[in-house]
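Have a look at the structure below, then the notes.
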Amino acid sequence: MSATIYRAAHCHGSTGTRWMSIDESGDTDGALLTAVARGDVRCFERFYARFERRMYQYALNFVRDSSSAEEIVVDSMLAVWNGAAGYLQTALASTWVLGIVRHKALDAVRRQQRHRDQVPLDLAAEVSDTSRGPYDSANDATLGNVMHKAMHSLSEDHREILFLTFYEDLSYAEISSLLSIPENTAKTRAHYAKLKLREHLTRLEPEGALP
Amino acid sequence: VSDQDPALSTGHAVSLLLPWYLNGRLSPAERQEVDDHLRQCPECRDELKSLLRLAGEMKPSWESQPPPSSELRIRVLSQISKSPVASLADAQERRQLGRAPAQRRRSMAFPALAASLIVIQFAAILWMMRAPPTEVISRGIASGGTRIKIVFQPTAREADIRDALSNIHARIVDGPDAGAAYMLQLLNESPADTARELAALGRRKELVQHIELAAP
């Protein structure tokens, strides 16, 4: 154990007016990442506290089970720890971090896909049974909540853009950069995602007063 | 373009910006453009109301999902603690060579430094596991931070003790005393984190025989 890494934290050093989270310490996400790049464990812990839930929630847009989502968070956090020096202050820190999660999540999805492709046919039914996740648990617990079901019925692309817009509050330019798509595609994708969501809500609860 | 899809029809294209009008992420000029359009377009005003309700129902849907397990943080911090030297070495190398941050790569000095630390850690563990003397020996380490008194199970493995201390960011500052108790100093200053880490360590019955907060 190296005592050096537990030195007093000094995460200050970056200010700005961009969309960012700031806790009671006054440090921006970017300032924390800069300190993490110096190997500052305390600043990493504060970064972790800010981003754990957000990373986990984002990962759940790609994988259905909580354990896979947690694996993605672990991989992403380690990538942040080892790669924080690659963060450029010109980019929004949260977009940079979400980009890492997205990359790790897509890797995980590809691995899971390969695994499913390799499963013998007589075991395929068992494998598909393991895909229940938080959405399903939530449905079991709150059968009246059709929003969970409707969200889960969306395509990954549609679920993701709604999440980035209405949960992460990213701008369409940031979404465009994160997903590597043109800005107009981000706008129309959000539009169609919204229409699909309404369609699923209507199907699931036809007599209800829906948005 | 269809009658069912006014957002994509001529004159309503600005309604594609409504999601970001709602989340407050439009530029002032774009916001003004949407405001101007909404004033003279009842269809888009209805769409905005509908989208507002939809967004209001989506957020609780995400927020009500079960959080990640409490062990996740420990897993991540444990893995981080196993590779702190690489980051420091890289940072030092960057400073010395004046490289841009994105150009980091492993220092040739890192393997030697890592090996030295492993030797030091191993020596510390051996020293920690030796037979208890009859009284507490002060090791002259500066005081400060939360202190806890802990007695490990006689059957506890060295590697598990090492991991446990690493997980809670602790170091041994005194002991063992006559009761085989060690005094640990926690380097985490957050009371909430400290309490959580102590509770987690206390639950590891296979490792810990007794644990208590020491008087400051």
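Not measured: the values here are computed from a predicted model. Here is the naming used below: chain letters follow the sequence lines, and residue numbers restart at 1 for every chain.
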Heavy-atom proximity to chain B below 4.5 Å, by part of [X]:
X: A/Y172; answer: both
X: A/L162; answer: both
X: A/I161; answer: neither
X: A/F163; answer: both

At their closest point, which heavy atom of [X] faces which heavy atom of [Y], and how far apart are they?
X: B/A55; Y: A/F166; result: CB-CD2, 3.6 Å
X: B/W62; Y: A/Q57; result: O-NE2, 3.2 Å
X: A/Y56; Y: B/P68; result: CD2-CD, 3.5 Å
X: B/E63; Y: A/R53; result: O-NH2, 3.2 Å
X: B/S61; Y: A/H148; result: O-CE1, 3.0 Å
X: A/Y167; Y: B/K59; result: CA-CE, 4.3 Å

Check: [Y] and [X] side chains under 4.5 Å, non-hydrogen atoms:
X: A/V73; Y: B/R73; answer: no
X: B/S50; Y: A/R198; answer: yes
X: A/W81; Y: B/V76; answer: no
X: A/K194; Y: B/L18; answer: no

How far does CG of B/L77 sit from OH of A/Y48, to the nearest 0.5 angstrom?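 Here the interatomic distance stands at 7.0 Å.
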Give, as side chain, backbone, both or neither, the part of [X] having an atom under 4.5 angstrom from any heavy atom of chain A.
X: B/E47; value: both
X: B/S27; value: neither
X: B/E71; value: neither
X: B/L72; value: both

A/E52 with B/R75: basic N within carboxylate O range, under 4.0 Å: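 Here A/E52 does not pair with B/R75 in a salt bridge, since their nearest N and O are not under 4.0 Å apart.
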Check whether [X] reaches the backbone of [Y] with its side chain - one donor and one acceptor, N or O, closer than 3.5 Å.
X: B/Q79; Y: A/L78; value: no
X: A/D169; Y: B/R25; value: no
X: B/W20; Y: A/L170; value: yes
X: A/E70; Y: B/S69; value: yes

Please test B/S15 against A/H191 for side-chain contact (heavy atoms from CB on, under 4.5 Å), starting from the C-alpha separation and ending with a verdict. CA-CA 9 Å; B/S15 73; A/H191 172 70; 5.8 Å; no
Most contacts with chain A, counted as non-hydrogen pairs under 4.5 angstrom, among B/L52, B/L17, B/L22: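 With the most close heavy-atom pairs to chain A, the winner is B/L17.
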